[in-house]
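To keep things clear, I will list the structure first and then write my remarks on it.
Note on naming: letters A, B, ... go to the chains in the order of the sequence lines (proteins, then strands), and numbering restarts at 1 for each one. Just so it is clear, the structure is predicted and the values come from calculations on it, not from any experiment.
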Amino acid sequence: MSDPVRTCDGQGCENPASVHLTQVVDNKISVQFLCESCAEAKGISEKPDWAVSDFLAKLSEPGASPGAATAGKSCSSCSLTFDRFRERGRLGCPQCYTTFEGSLRRLLKRIHGANQHVGKVYLPPDAGTAEVGRRLDGLRRRLQHAVEVEDFERAAVLRDQIRELEPAGS
Amino acid sequence: MDHLGTAPDFGLGWLDASGPHSDIVLSTRVRLARNLHGYPYVARARDDDRETILGAVSRAAEAGEMPPGTVVMPIVEMDERTRRIFLERRLISSDLSGRGGSGPEKGAAVIAAPGEPVSIMVNEEDHLRLQSLVSGLRVMEAWSLADQIDDALGTGLHLAYHHDFGYLTSCPTNTGTGLRASALVHLPGLVLTKEIEKVLKGVAQVGLTVRGLYGEGSDVVGNFFQISNQTTLGKSEEDLVDHLGRIVSTVIQTEIQARQVLMRDAGSVTEDKIWRAYGLLRYARLLSYKDLMQLLSGVRLGASLKLLPGLEVVTLNGIMMFSQAAHLDRAAGRALSGPERQAHRASYVRRVLSAESKPPTSGAGG
């Protein structure tokens, strides 16, 4: 989310900086933070390349080539292609996770060291029995943690959530 | 619209320095990235998609158990200064405020309640960015607050979730929990004793990221660092925040030891640096924000070591917030020019310091 606002390095300017400019002049590196208008005044209007997309491109290079199936595929919901994702570093819609599931599974493993979510379990409005079961397992795990760290207020809330979901009589 | 007119204390709760170690850890923040099922992510969404998303989120906020006084504030309806103030309060990002491009996008909004530690950005990189921001090192509390808001909103929405991948986000670096927890720490002792690189390297080795005060890609100003988790998938939210909390606690102990070494081996030089910084802040007539942050670092160290009688950390937090450009413009009632703002900043700081602290007296022989 948002960070404190770095002000522009332009002379007498205190606008928030949104451009990070690194220049090498006479073998000296200078780093400047500029606002849009000071950057434009210096002839810099393009946003700098986004480092994370390079990072993702690198991550998905060796051993994680998308394969013919993924390479030619585009998402049925938002029409994003995997190549486009690699350029931009951003997926187009939640459906992309299903469209490119195999490649993303490998990519997530490389980024996070894991590709299986073990955190909070969301219960969608149209949840079936299996989803309720997973949600209950997750809530019980979190209840155990809350008790371990003596966060009894949280434990009480979690206990209520468990009771609401548990089948009657269990 | 000037939303600050009726509720001026959005996003200011953490300034009270009420949390543990708040002299060293300014704030702890937890943000959760969430998206609605069935809609493209914001970068590929059309205006009407974004407005539909905002409508659905607004209805969920009305129906859910949100903090009293919660308001939905579309960014396009804000005047430019209010947008900058929300930005300076870390309630919205530069992207959401529309600074990087051609003004704010339709459907971009912030949801907040006066004096409350939680807020929500709508239609930022993800449809929802929920955040909690609390004073001091309180990772579990920050997570718990964000979690409750997530529950309050989530029951009225259909979120994008996959049983293997967890919460689905626009960028795969946020997939899973969608959780980024960060602590904003002040480490002058480690910088002055030149131990900082070693410590930061250690922090990076245990899977955390360190950035400067101004976020991604920024340098370090005023010895303030942000430490946050790097990965979001494969660990529970409790494990992620607990890990951050334990590592930051270790960093705090190392910082305290560094300060002890400084005072033992270079006590008079350190004390001199602190008093010089105080003197400049107390009497300067022009201050850029960058100068201010450098000087505040020395003074914060002095307040923390109880070398500056009567000066409290809460006062310094307030100076850091209210001497930012848009806040000064608001106090002046107009857009100040650069040099004017430096004069207003210096004048504001002098006024606060003379009101809040007793006339300083130096220790021995002063």
Under 4.5 Å, counting heavy-atom pairs only, tell me which of [options] racks up the most with chain A.
| options | value |
| --- | --- |
| B:Ala33, B:Pro339, B:Ser170 | B:Ser170 |
| B:Leu157, B:Leu159, B:Thr177 | B:Leu159 |
| B:Asp150, B:Thr155, B:Leu179 | B:Asp150 |
| B:Ala325, B:Ser337, B:Gly234 | B:Gly234 |
| B:Leu233, B:Asp147, B:Thr231 | B:Leu233 |

Do [X] and [Y] have a side chain donor and acceptor closer than 3.5 Å?
| X | Y | value |
| --- | --- | --- |
| B:Ser27 | B:Arg90 | yes |
| B:Gln342 | B:Asp291 | no |
| B:Asn174 | B:Arg31 | yes |

Give a yes or no on whether a salt bridge exists between A:Arg163 and A:Glu166, defined as a side-chain N under 4.0 angstrom from a carboxylate O.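 A salt bridge is absent here (no side-chain N lies under 4.0 Å from a carboxylate O).
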Counting C-beta onward and ignoring hydrogens, is there a side-chain heavy-atom pair between [X] and [Y] closer than 4.5 Å?
| X | Y | answer |
| --- | --- | --- |
| B:Asp242 | B:Leu240 | no |
| B:Phe225 | B:His186 | no |
| B:Met320 | B:Leu292 | no |
| B:Glu237 | B:Val241 | no |
| B:Glu65 | B:Gln148 | no |

Which portion of [X] sits near chain A, non-hydrogen atoms under 4.5 angstrom:
| X | answer |
| --- | --- |
| B:Met321 | neither |
| B:Leu36 | backbone |
| B:Thr232 | both |
| B:Ser182 | neither |

I'd like to verify something: which residue of A:Ala130, A:Cys96, A:Ala114, A:Gly92 has the highest number of heavy-atom pairs under 4.5 Å with chain B?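 Looking at each of A:Ala130, A:Cys96, A:Ala114, A:Gly92 in turn, A:Gly92 comes out on top.
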When heavy-atom pairs shorter than 4.5 Å are enumerated against chain B, which of A:Arg134, A:Gln95, A:Arg105 gives the highest number?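 Top count of heavy-atom pairs under 4.5 Å with chain B: A:Arg105.
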Residues in side-chain hydrogen bond (donor to acceptor under 3.5 Å, both in side chains) with A:Asp137, at least two apart?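 side-chain hydrogen bond (donor to acceptor under 3.5 Å, both in side chains) check on A:Asp137 returns nothing, list empty.
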Any donor and acceptor pair, going by atom type alone, linking the side chain of B:Ser144 with main-chain N or O of B:Met140 inside 3.5 Å?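 No: the side chain of B:Ser144 does not pair with the backbone of B:Met140.
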Spell out, as yes or no, whether a donor-acceptor pair under 3.5 Å connects the side chain of B:Arg345 to the backbone of B:Ser323.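 Judged by distance alone, yes, a pair lies under 3.5 Å.
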Can you classify the ring geometry of B:Tyr41 versus B:His127 as parallel (below 30°), tilted (30 to 60°) or perpendicular (above 60°)?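 Plane angle between 30° and 60°, so tilted.
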What class does the angle between the rings of B:Tyr167 and B:Tyr161 fall in, given that below 30° is parallel, 30 to 60° is tilted and above 60° is perpendicular?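 Perpendicular: the ring planes of B:Tyr167 and B:Tyr161 meet at over 60°.
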What part of A:Glu101 is in contact with chain B, defined as an atom under 4.5 angstrom from a non-hydrogen atom: side chain, backbone, both or neither?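 Both parts, backbone and side chain.
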Only heavy atoms, only distances under 4.5 angstrom. Which residues in residues 140-159 of chain A are near chain B?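 Result: A:Arg142, A:His145, A:Arg154.
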Give the interface residues of residues 120-129 of chain A toward chain B, defined by a heavy-atom separation under 4.5 Å.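 Residues A:Lys120, A:Val121, A:Tyr122, A:Pro124, A:Pro125, A:Asp126 are the ones that qualify, each having a heavy atom under 4.5 Å from chain B.
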Return the set of residues passing side-chain contact (heavy atoms from CB on, under 4.5 Å) with B:His37 (not counting sequence neighbours), or none when no residue passes.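 Expected list: B:His158.
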